[in-house]
Structure formats: C-alpha cells, structure tokens
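Some notes on the structure that comes next.
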Amino acid sequence: MRRSSQTMIHKPPPLTVAKVLETFRRIAKESGKNSKEKKKNHVRALLVAACDCEPKYLIRLLLKDKLRIGLSELSLLEALACAAAYAEKHSVSCGSFQSDLSKAVDVLKGVHSMVPVYERIVPALLDGGVWNLADTCSFSLGIPCEPMLSAPAKSVSEIVNRYHGIEYTCEYKYDGIRAQIHCMDDGSIRIFSRKLECCTNQYPDVILAVKRLKRVPVKSCVLDCEIVGYDSEQMKILPLQKLMTRGRKGVHVDNIKINACIFAFDLLYLNGQSLLQEQLKIRRKLLKDSFEVETGILQFATALDSSNLDEIQVFLDKAVNASCEGLVIKTLSVDAAYEPGKAKWVKLKKDYLESMWDSLDLVPIGAYFGKGRRTAFYGTFLLACYDPDKEEFQTVTKAGTGFSEEVLKEHCQILSSKMIPKPKPYYRHISGKTTPDVWFEPSEVWEVKAGGLTISPVYCAGSDILNSNKGFSLRNPTLIRPREDKSPEQATTSKQIAEMYFRQWQGNPHMPPDDEEINS
DNA sequence: GCTGTCTGCCCC
DNA sequence: ATTCTGC
DNA sequence: GCAGAATGGGCAGACAGC
C-alpha cells in the first residue's frame, strides 16, 4: 500500500457492515484483465476508511482462515439457538432454562447438518420456533446435506471388539471424489461435493449414467457415492491423480478423456421420502433396487458382511489390491441411521496399520517459518532422500504434521544450530517452487509414514528414473519418530522410493500409464 | 501466444 | 487429507 | 469425544508479464 494513497484531505465516511459486505461481493465478482489491480483498490479503499480496530478484523477476514477469534459456524448456530430459546422462554418451560438452551443448540446443529442453508433455517425458525424446527426444516431434495463421515481405526481387531455381537458391513473405500447425487422429480440431476459445492457441470457423463441406470419406479432419489477414475480398456480403477486431470469448467461429454465410474454405497431419499432415519440395511436394499449396475459406469461398493477377523483381514488385503484405500465399516441395524456430518462410520486404511503403511527415512535439509501457534518455530520441514550413485540429497516432500509441541520445539532448536546460508551443491531441488526459508546441514534422519506415493511436478526424488522430468513424492506425509541410529547417507534411497511407487500398483499391472514409465 | 505463479466458499 | 491440543 | 488449528500433495483455471 503506497503512503500517498493515505494522504487524503477528508477521511471517508465510517464503514458499515452493509458497505463492507458490498465491497467484498464486488471483489469476488471482479475478473479478467487487471482484475488483481482492481481488487487491490477495493481493499485499499476499505482500509483507508477503517478506524480503531477495524483494520485488524478486515485483514483477518480478507486473509480467510476465519477470524481467529473463536467465532465459527458453531458459534453462529449457538447464538441463533440462544436467541430463539430466549424468544420462546415462556412458551415451553419444563425444566431449567439452561437445559432448554442446550437442547435448542442441539436442534440447530442437527437441522443445520441436514439443511446447511440459513435462508431455509431462519424463516422456519421465525415461523414455527425452535421446538418445531426439526419438522419445519428437514432434509429436502435439491439441497445437499452434510455427508456422513468416518473416523480412523488402527486395526481389524479394534473393529471386531467394538462391534462384538452386532451386525455390520465392510465396504471398499474407493480413492475418488465423494459425491451426493440428487435426482429431481423433473428428471434433472444435481451433484454436490463433500463440502457441498455444486459440481453438476463437471460430470456430464455421471449425469447420463445416473439417468440411464435409474430404474423406472424411481421418480426422485439421493445417492451417496464415490466418483472414481476408470480405465474402460483395462477395466481398472485409476488413481485419484488421473481423475483430477479432468476439466472443471465447460465440460462436454465428447471431450472427456478420463472416464468416471460411480461407486454407490447409500441412498438418502426415495420418491419423496427421506431415508436418513432408516437403518443402513434398509437403505442399502432400496439402493440396490433402485439402480441397474453396469461395470465401469455405475457399481455398488464391494462389501462383505462379516464379523470374522480373518475374513475381514483378507478382505482388506483384497481392497488394497483392487487399488482401494482400505475399508469403511458400518453397522447395519443397530445405530445405523444416516447421521449427516457425524463420523459414525469407521475407516480402516492401510496407512493406519503399521504392518501396511509405507515408511521412509528422510533427511530434513530445510525449513519454513510457522504460522499461528507455530509462530517463532519452524512449521514445516523440507525432506530429502539420498541417491548414493550421484551422492546427492533429492527433495521428496515437506512435513509439518505428526510433531507434538515438545518434539517440534526440540527439533527446531537442534536444527537451527545446523543452519547454513546456502544449499549444499549436492542438494537437488527445484528452486523457487520448494525453496525453504532456511537451509540445514544434513544431520538428522526422520522416519515418515505416507498413505502412498505420487508423481510430483515439484520434487526431485528419483527424477532420473522417470522419463517425464518429474520426481516422486508422498501422500499425507506424517512424522513418526527421529531415527537416531541412522546417518543421512543411510536415508531411504531414490531407487527404493521408485520401487515403492511401482509396488503400489502390483494388483493393477497396467498402471501407471505410459507417461510415467521407467527410463531405460 | 507462452510461461510462471497463485488460488480454490478445491479435491484428497 | 492427518495429527495434536484444549475443553 | 469433539472442534479448532496447525500442517501435507496436486490438479485446473486464472491472471500477470513478457
């Protein structure tokens, strides 16, 4: 911001909420040539007009990541609930007002997860009050509810013990994009993402598939499913990275290069009726009655209804071999309603199981300054593997999770004593894209786990093994522990990383596609 | 036109 | 996405 | 157990600068 812009004769009029909102909307709409400059001018105008603490909150709003004053969606809902409860204080008073308050909050939370639209909630609230809200504002066709989630489990035995004596199913956990598909009464289709974004226009092929394979008696319905990349030639699932290369705007069926297969696993609504309260057993039956299956186009998630530890273990291995991430475990009848936004299902991914995850020993060669509660520490470390042939360290990933405060503090201290002004000549990285704030001498070795390996446009590990000028990287890297018994030259080698990458497609022999094949 | 960089009520 | 922390 | 806040890789699009 140039000083000159602030030398004004008259201070602009004070900001109002309405004016700030209007300006934000204008910023959002600005696009095209010089749009960045225009946006900057809007911000400048706001800041010039701001007084007292206003600049602080303007900046926090503009920097997204919330206000950082503890005000979240939940607080808004609580406020709404309290307001409603106060307004109706005299209408219902069976019990303490405090308990009314907390009941009202629960009602609001529940309703919001099923109808996450204030334009629907508030009128219903004003009209019928909090205590009728669950009836006056409920799941409706065309409005996405929050998807039901799953919490991680660490072992098959944990599952078997937790659900001892009750019926449950294990489904393949497909590596794709979560989608909620609404089939409207008029025959039109709407698709929503996990975060409730409308992505209808992104999947014309999915829309055609749903229209074609929906059985005649189905007038309207809502599907919960995973959209997965699919190689129709090889009849194999494609990695998420391939699916993500599809266009996102102005997509036409004829131009689609990566096919998608729908793996359906739940039915939330059918012919005018919400199924959220029904047991999964019922919903699943209705789902299977509602659609035809066509391999590679629309399938039901592969599932096994078993409580046998060994059977489940074998099934998990099968899932991983079929290029899935693992299993999702769901009760069938007890506590088996669809609960939007709640993590009542359980996921069992190979990266949670010590015996199955990919583990690497890597060398921190640089770091980035931390933010928020990590201000004054490093928040992230740049990690490298070793290439003993070239005698160089090659960047492979950043890591910033898995550190307790104590461990983080300790390693920040150790490493800052190893700081060097410039990278060693035997450090290979892509300058700019991954240049850290500070460089270190190679000294420590850290064990890092990953949910899989990827081909990376910015990391260098094993880049001379690939023929596409790309390297390998890690998916969901997490620090496990320092390896005090290892020296940097004993770190995982680029060759080993390449082997890990190709091994993960063992059950899928035609993967990865040709642009990623080994240099020969 | 091409390339580099940054953003996304992004996806995971 | 994962993980850690405070409540 | 839950919510919030740290942090990861990587894609298409969009914009800026040449």
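Order of the sequence lines sets the chain letters (A, B, ...), proteins ahead of strands, with each chain counted from 1. For the numbers below, each heavy atom of this structure counts, side chains included, while hydrogens, waters and symmetry mates do not.
- Below 30°, between 30° and 60°, or above 60°: for Phe472(A) and Tyr501(A) the angle between ring planes is between 30° and 60°, a tilted geometry.
- The phosphate of dC10(B) has neither OP1 nor OP2 within less than 4.0 Å of any side-chain N or O from Ser193(A).
- Every side-chain hydrogen bond (donor to acceptor under 3.5 Å, both in side chains) that Glu22(A) has, sequence neighbours left out, goes to Arg26(A).
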Chi angles and distances behind the side-chain hydrogen bond (donor to acceptor under 3.5 Å, both in side chains) call for Glu447(A), Ser359(A): CA-CA 7 Å; Glu447(A) 182 180 0; Ser359(A) 167; 2.7 Å; yes
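- Looking at which nucleotide of DNA chain B each of Leu196(A) and Ser431(A) is closest to, the 5′-most match is held by Ser431(A).
- The existence of a salt bridge linking Lys349(A) and Glu325(A) is confirmed by a sub-4.0 Å separation between a basic side-chain nitrogen and an acidic carboxylate oxygen.
- A side-chain donor from one of Ser157(A) and Ser155(A) sits under 3.5 Å from a side-chain acceptor of the other.
- A gap of 27 Å separates the C1' atoms of dT3(C) and dC6(B), to the nearest Å.
- Rounded to whole Å, atom C1' of dC11(B) lies 17 Å from atom NZ of Lys242(A).
- Nearest-nucleotide assignment on DNA chain B puts the 5′-proximal partner with Gly432(A), out of Lys173(A) and Gly432(A).
- Ile237(A) has its CD1 atom 16 Å from the P atom of dC12(B), to the nearest Å.
- With rounding to whole Å, Arg374(A) atom CZ is found 11 Å from dG8(D) atom C1'.
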Sequence-aligned protein contact record of nucleotides 9-15 of chain D, with B where the base is within under 4.0 Å of a protein heavy atom and S where only the sugar-phosphate is: SSBSSSS
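- Note: His42(A) and Phe24(A) fail the aromatic proximity criterion, with ring centroids not under 6.0 Å apart.
- Nucleotides dA6(D) and dC12(B) have their P atoms positioned 23 Å apart, rounded to a whole Å.
- For Tyr378(A) and dT7(D), the shortest distance from a side-chain N or O to OP1 or OP2 is not below 4.0 Å.
- Near DNA chain C, meaning a heavy atom under 4.0 Å from it, residues 108-123 of chain A has no residue at all.
- The CD1-P distance, from Ile177(A) to dA1(C), rounds to 11 Å in whole Å.
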Look for any protein N or O under 3.5 Å of an N or O in nucleotides 5-7 of chain C and output each such pair with its distance, or none.
from: dT5(C); atom 1: OP1; to: Glu405(A); atom 2: N; distance (Å): 3.0

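- Residue contacts for Tyr352(A): at a heavy-atom cut-off of 4.0 Å it reaches the sugar-phosphate backbone alone, with no base atom in range.
- The gap from the P atom of dA14(D) to that of dC11(B) amounts to 15 Å, rounded to the nearest Å.
- At the heavy-atom level, Gly370(A) lies under 4.0 Å from the strands shown only through sugar-phosphate atoms.
- The NZ-P distance, from Lys195(A) to dT7(B), rounds to 17 Å in whole Å.
- Side chain to side chain, His411(A) and Gln413(A) fail the donor-acceptor criterion of an N or O pair below 3.5 Å.
- Across all strands shown, Lys433(A) has no heavy atoms under 4.0 Å from either base or sugar-phosphate atoms.
- Here Lys449(A) lies in heavy-atom contact (under 4.0 Å) with sugar-phosphate atoms only.
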DNA chain D base-pair string [pairs: Watson-Crick or G-U under 3.5 Å; |: paired with another strand]: ||||||||||||||||||
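- Summarising the local packing, CG of Asn161(A) is surrounded by more than 12 heavy atoms from other residues, nucleotides or ligands at distances under 6.0 Å.
- In this structure, Lys349(A) reaches the dT2(C) phosphate: one of its side-chain N or O atoms is under 4.0 Å from OP1 or OP2.
- Residue Leu479(A) is out of contact with every strand shown, counting any heavy-atom pair closer than 4.0 Å.
- Classified by interplanar angle (parallel below 30°, tilted 30° to 60°, perpendicular above 60°), the ring pair Tyr163(A)/Tyr168(A) is tilted.
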Evaluation steps, salt bridge (Lys or Arg N to Asp or Glu O under 4.0 Å), between Lys344(A) and Glu339(A): CA-CA 8 Å; Lys344(A) 291 230 174 170; Glu339(A) 300 191 54; 3.1 Å; yes
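- With rounding to whole Å, Glu73(A) atom CD is found 13 Å from dA5(D) atom P.
- Not a single donor-acceptor contact under 3.5 angstrom links the side-chain atoms of Thr401(A) to the base of dT7(D).
- Listed by chain and number, the residues in a side-chain hydrogen bond (donor to acceptor under 3.5 Å, both in side chains) with Ser323(A) are Asn508(A) (sequence neighbours excluded).
- Residues Arg178(A) and Asp224(A) are paired through a salt bridge, judged by an N-O separation under 4.0 Å between the basic side chain and the carboxylate.
- Salt bridge present: Glu37(A) and Lys40(A) bring a charged side-chain N and a carboxylate O closer than 4.0 Å.
- Counting to the nearest Å, the P atom of dG1(D) and the CG atom of Asp106(A) are 18 Å from each other.
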From CA spacing to verdict: salt bridge (Lys or Arg N to Asp or Glu O under 4.0 Å), Asp175(A), Arg475(A): CA-CA 12 Å; Asp175(A) 190 11; Arg475(A) 194 173 176 185; 2.7 Å; yes
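- The residue Lys342(A) sits apart from the nucleic acid: no heavy atom pair falls under 4.0 Å.
- Nearest heavy atom pair, residue Gly247(A) against residue Val251(A), reads O-CG2, 3.4 Å.
- One atom, CZ of Arg178(A), and another, P of dA1(C), lie 9 Å apart when rounded to the nearest Å.
- Distance check: Leu77(A) CG to Asp106(A) CG gives 11.0 Å after rounding to the nearest 0.5 Å.
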